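Numbers restart at 1 for each chain; the letters A, B, ... are given by sequence-line order, proteins then strands. What you are looking at is a predicted structure, and each value in this text was computed from that prediction instead of being measured.
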Amino acid sequence: MIMDRLARALDDRLRLSPVTRRALAKVFPDHWSFMLGELALYSFVALILTGVYLTFFFDASSADRVYQGSYAPLDGSTTSAAYASVVRLSWDVRAGLLIRQTHHWASLVFLAAIVLHLARIFFTGAFRKPRELNWLIGVTMLTLALANGFTGYSMPDDLLSGLGLRIITSVVESIPLVGTWLAALALGGEFPSDAMIPRMFVTHVLLVPAVLVALISLHLGILVRQKHTQFPGPGRTEHNVVGSRLWPSYTLRSLALFAWVLAVLFALGGLAQINPVWLYGPFEPAQSTSPAQPDWYVAWGDGALRLFPPWEFRIGGYLVPAPFFPGVVLGGLAFLALYLWPFAERLRTRDRRQHHLLDRPRDHPVRIGVGVAALTFFAVLVVAAGDDVLARLLGVPVYDLLYLFRILVLALPILTGAVAFLTARALRRGEAASLGDLTRADLRRAGRPSRRPSRRDDEPETPAPDRPGERIELWPEGEVWRWRYRDEARRLVLTANRVAVSEEEAVEAARLAYPGVDRVVVPGPPAPSPPGPVRAALRRWGRAAAAGSLLVAALVERRRDRRRQRDGDEGDPREKADAAPRGGEPR
Amino acid sequence: MRRPTPSPAEESASRRIVGAFLVSAAGAVGFAVTYGLGGDTRWEGVCLAVAFAGLAVGLAVWARRLVPVGGYVEEHEGFTPPPAEQAMTAAEFAAPDSPTRRYGLLAALGFALTALGVAALFPLRSLLPWDRVRPPRALKDTPWGAGVRLVDGTGRPLRPDDVPAETMVAVFPEGDPDAGDAPAFAVRLDPERFSRPPAGGHLGGLVVWSMLCTHAGCPVRLYLKGTGRVLCPCHQSSFDLLAGARAVAGPAARPLPGLPIEVGPDGFLRATGDFTAPPGAGFWSRP
Ligand code: HEM
Ligand code: FES
């Protein structure tokens, strides 16, 4: 009642309803891989929530401070204020350790989610025109997320973080000409400077998060404007989006995902110890610990530093030290490649068309080959960052492992990339629907040079529609109009995501979504669609089987009940939706 | 509009949802109670996890069972605007009084803005260290110098006898023990076994080297007894102290710089100069 009045009052002043109506009806594709971006978003929200709490207790200063508190081994010792405040936060502030550990876990999940999201965008070609802009924003957010992870990790001023910071400083100093100046500019002096903790703090809690919030808003704004991509499938074209609506379906689902993220993060934060700085001790310039491994998302850099041979040279008497190549050049090239990929690919395929239908990964063997090789390369580097631990576990000399990794990091990506490339080609050229169906002949054919021209410019813009049995049905409902798409042959019915205020509006929407498909005006709500597709039934049965044989009997009984009820109650929209396919698995 | 009477399936879903939300509330209460009782990280985490998992399950069941899933289609306008519209927008910018056509004024504006932009870069210089030592210089200089005594971690000056054989003793410059580039270590080796003399010289087998790895600056703190080798824990570079602290394995390329020492008139060890090379990682203007 009150909500109603409030909504009305706002609408009378701001005229929100036309926008709101469209926004609520926005259609999201039903495929799990579209949740990866949201996973990143919600871990970011979790990072902000927990991070703000930590800010109240963290003392960003390298001034001396005597720790007094319940962690006995350090009680009474003088450390930096930053370190003392983190130990206090962990041991003496109630719920402090929970929030601290949750924040750290959230950062690991955040970066993992971004990388997975990026991989899904990459392998499905979602970055193609018109979405290059969002790709660039996304890659930028990845760099910012990495930077923020690193500053966060370095702020507590414990031994491990100090070592990490020292290594990064050395990497920056290795840059020809400007390296030492850049490092001094960042740290405000020679490592370890008094200014470095306050500076990292401002960067970590203000600068980078503010830019991230701005970029996320832009990213999502562009996403709403451009609408989602979708996998190809029945009823799906370059001119529409098929799935569930924002309201109510995705509102609930998305909130559920948010709650899941928080549940998992708090479970990890409460139960899985992470970064116990009180065990590492405070940073001291002459101390180090072993083993020393960084968080996973910088481990590739650590691994690269380990594997790169001791090569350095001088240019006109000036030194280019070894860390320059694995530290600066590798990271720089990787991000340059990421930034440029959409444009490089377009250069190769000469494909300038708009794409709203996604590729299946196999559709593009070169892309999947390069992507798999790159992922393998970085995975080997991450594993190599633990070579000392591995050596101890396996009881082999660490330098033997080092040589092994030096070979693997070059050989394995070529191998996996080639396998991915050939598999994709075999799948694309052959008839096999999935990996399991591949035959020897398919594989042999994949090895041969391609006969198909790679440019696909001459293919028609839309596959000729004209499927018999495909049509649009429109009907009036009181003042408003509705429409739906029906494909008799596939027993598919897709309802328009929103009502139209006039017949013209309904026709226009239907024409945009299904150009060239016949439209018919039907008198009333069309008859209920034929019984649900096999898959929905299978799914119901599968669940029943799992519940046990007794339950199966009960379920059969209930199904019979339901059918009886449906026959009696024809216009229920829920039943219609039930008849349409539920999942959005690509076909 | 009224909702149609719920089907049995709907009713059972509703019951599950309510149950999940009740579990969630119980988790929240549990968290508050744990906190009130003094707080236990594990229980706090579990309670919050239960609270949010309850929410998640309730919302997920709600989304799956009580609202339509799938089966909707939204049209996509496409992003190539009608040519007429594009032309009209372009015309706005091409109008005679359009500021974008006043090239002279635009150039002046551009000049002013560029000047402002460049001026805005100047305050960045304040981020550099206050003392006017140029960064490359700062990296070359350390607190060590002629006459600076060697002290141990507690600040006690060291005599040659304080360094036993086959042990690594961390040493610091007296008066500035916390300097980032100063840490060094002293070891006593058998001069007979030197295949290459230490860069900083030795006092009857007593040698002092910079502790900072020449790869990326970690302290090389692992002394492998008997082998005369030290190992860096960060990326496993190892240095052969018997061969002038040459880098023998791992990613480091340069030997550890040595520190020239002598015994002062007071009987304590002191440096006779700075390290034989800038300590730690390499940089562009490193000699
Ligand atoms: C801060 C991290 C990020 C957040 C919070 C975020 C959030 C999202 C969300 C919620 C979506 C919609 C759901 C989806 O399509 O999966 C999305 C779409 C998109 N994201 Fe991100 N994202 C992030 C990072 C990235 C990165 C690293 C890239 C690529 C390098 C990227 C590129 C894209 C593109 C191109 C789309 C539109 C594609 C489509 O609609 O299918 N994003 N993002
Ligand atoms: S810092 Fe010593 S090996 Fe890298």
Side-chain angles (χ1 to χ4, degrees), chain A residues 27 30 94-95 97-98 130 163 166-167 170 173 176-177 179-181 184-185 189-192 227 239-242 244-245 248-249 252-253 255-256 259-260 262-263 266-267 269-271 285-286 288 290 305-306 310 312 318-319 321-323 398-399 494-495 497 509 512-513 574 577 580 582, chain B residues 4 7-9 35 39 41-42 44-46 48-49 52-53 55-56 59-60 62-63 67-79 127-129 135-136 138-139 170 178 180-181 183 211 215-219 221-222 233-236 247 249 251-253 280-286:
Chain A
V27 168
D30 292 316
R94 267 190 214 182
L97 182 59
L98 173 70
L163 286 180
R166 175 155 231 159
I167 294 171
S170 301
E173 280 169 359
L177 220 58
T180 50
W181 290 89
L185 196 65
E190 200 181 346
F191 179 90
K227 303 211 165 96
H239 309 280
N240 63 23
V241 190
V242 170
S244 307
R245 289 169 23 127
S249 178
L252 293 174
R253 278 204 248 174
L255 285 175
W260 270 130
L262 290 179
F266 278 119
L271 299 176
S288 52
S290 168
L305 281 172
R306 286 169 198 240
E312 49 187 41
Y318 290 102
L319 179 70
V398 68
Y399 295 117
L494 297 171
T495 314
N497 68 327
L512 281 171
R574 207 166 28 257
R582 279 167 158 266
Chain B
S7 69
Y35 184 93
T41 304
R42 257 164 276 171
E44 282 165 355
V46 169
L48 276 187
F52 283 112
L55 276 189
L59 289 167
W62 194 340
V67 304
V69 172
Y72 283 102
V73 59
E74 179 176 16
E75 79 281 9
H76 206 312
E77 299 89 343
F79 286 92
L127 289 175
L128 282 168
L139 289 181
D178 290 331
D181 52 5
M211 196 190 268
H215 177 232
C218 285
R221 283 233 61 152
L222 305 177
C234 284
H235 316 110
Q236 285 82 44
F283 51 95
W284 182 244
S285 56
R286 185 186 191 276

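- No side-chain donor-acceptor contact under 3.5 Å links A:Arg306 to the backbone of B:Gln236.
- Proximity to chain B (any heavy atom under 4.5 Å) is restricted, for A:Pro130, to the side chain, taken from C-beta onward.
- Note that OH of B:Tyr72 is 9.0 Å distant from CG of A:Asn497, once rounded to the nearest 0.5 Å.
- Of all heavy-atom pairs between B:Pro136 and A:Thr180, the closest is CG-OG1, 3.5 Å.
- In terms of non-hydrogen atom pairs under 4.5 Å with chain A, the most contact-rich of B:Leu139, B:Leu222, B:Leu48, B:Leu127 is B:Leu127.
- Annotation for B:Gly70 and A:Ser244: closest pair N-OG, 2.7 Å, computed over non-hydrogen atoms.
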* To do: Would you sort out whether B:Glu44 and A:Leu97 count as a side-chain contact (heavy atoms from CB on, under 4.5 Å), showing the intermediate values?
  => CA-CA 10 Å; B:Glu44 282 165 355; A:Leu97 182 59; over 6 Å; no
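- The closest donor-acceptor contact from the side chain of B:Arg221 to the backbone of A:Ser288 lies at 3.5 Å or more, if one exists at all.
- Taking all atoms of both residues into account, the shortest heavy-atom contact from B:Leu128 to A:Trp181 is CD2-O, 3.9 Å.
- The candidate from B:Ala138, B:Ala170, B:Pro251, B:Gly280 with the greatest count of non-hydrogen atom pairs under 4.5 Å with chain A is B:Pro251.
- Across A:Tyr318 and B:Ser285, no two heavy atoms sit closer than the pair CD2-CA, 3.8 Å.
- Interface residue A:Val398: only side-chain heavy atoms are found under 4.5 Å from chain B.
- In terms of heavy atoms, B:His76 sits closest to A:Asn240 at CB-N, 3.7 Å.
- For the set A:Val241, A:Val242, A:Leu512, the count of heavy-atom pairs under 4.5 angstrom toward chain B peaks at A:Val241.
- The local environment of CZ in B:Arg42 is sparse, with at most 12 non-hydrogen atoms from other residues, nucleotides or ligands closer than 6.0 Å.
- Note on B:Glu77 versus A:Lys227: salt bridge recorded, some NZ/NE/NH1/NH2 to OD/OE distance being below 4.0 Å.
- The shortest side-chain heavy-atom distance between A:Arg245 and B:Val67 does not fall under the 4.5 Å cut-off.
- Residue with the most contacts toward chain B among A:Ala322, A:Ala286, A:Ser249: A:Ala286 (heavy-atom pairs, distance under 4.5 Å).
- The part of A:Glu190 that comes within reach of chain B is its side chain, from C-beta onward, which places non-hydrogen atoms under 4.5 angstrom from that chain.
- The parts of B:Ala53 that come within reach of chain A are both its backbone and its side chain, each placing non-hydrogen atoms under 4.5 angstrom from that chain.
- Considering every non-hydrogen atom in both B:Glu74 and A:Val27, the closest pair reads OE1-N, 2.9 Å.
- With contacts defined as side-chain heavy-atom distances shorter than 4.5 Å, the pair B:His215/A:Pro323 qualifies.
- For the pair A:Arg166 (side chain) and B:Gly217 (backbone), a donor-acceptor distance under 3.5 Å is present.
- When the candidates B:Leu55, B:Val46, B:Asp181 are compared by the number of heavy-atom contacts under 4.5 Å with chain A, B:Asp181 comes out ahead.
- Atom-to-atom distance recorded for A:Leu255:CG and B:Trp62:CH2 is 10.0 Å, nearest 0.5 angstrom.
- Residue contact with chain A, scored on non-hydrogen atoms closer than 4.5 Å, involves the backbone of B:Asp178 exclusively.
- For the pair A:Leu163 and B:Pro219, the minimum side-chain heavy-atom distance is below 4.5 Å.
- Contacts of A:Ala509 with chain B are made by both backbone and side-chain atoms, with heavy-atom separations under 4.5 Å.
- For A:Tyr399, the part sitting under 4.5 Å from any heavy atom of chain B is the side chain, from C-beta outward, and nothing else.
- Using a 4.5 Å heavy-atom cutoff, the side chains of A:Ser170 and B:Phe283 are not in contact.
- Ranking B:Cys234, B:Ala60, B:Ala281 against chain A, the residue ahead of the rest is B:Cys234, based on heavy-atom pairs under 4.5 Å.
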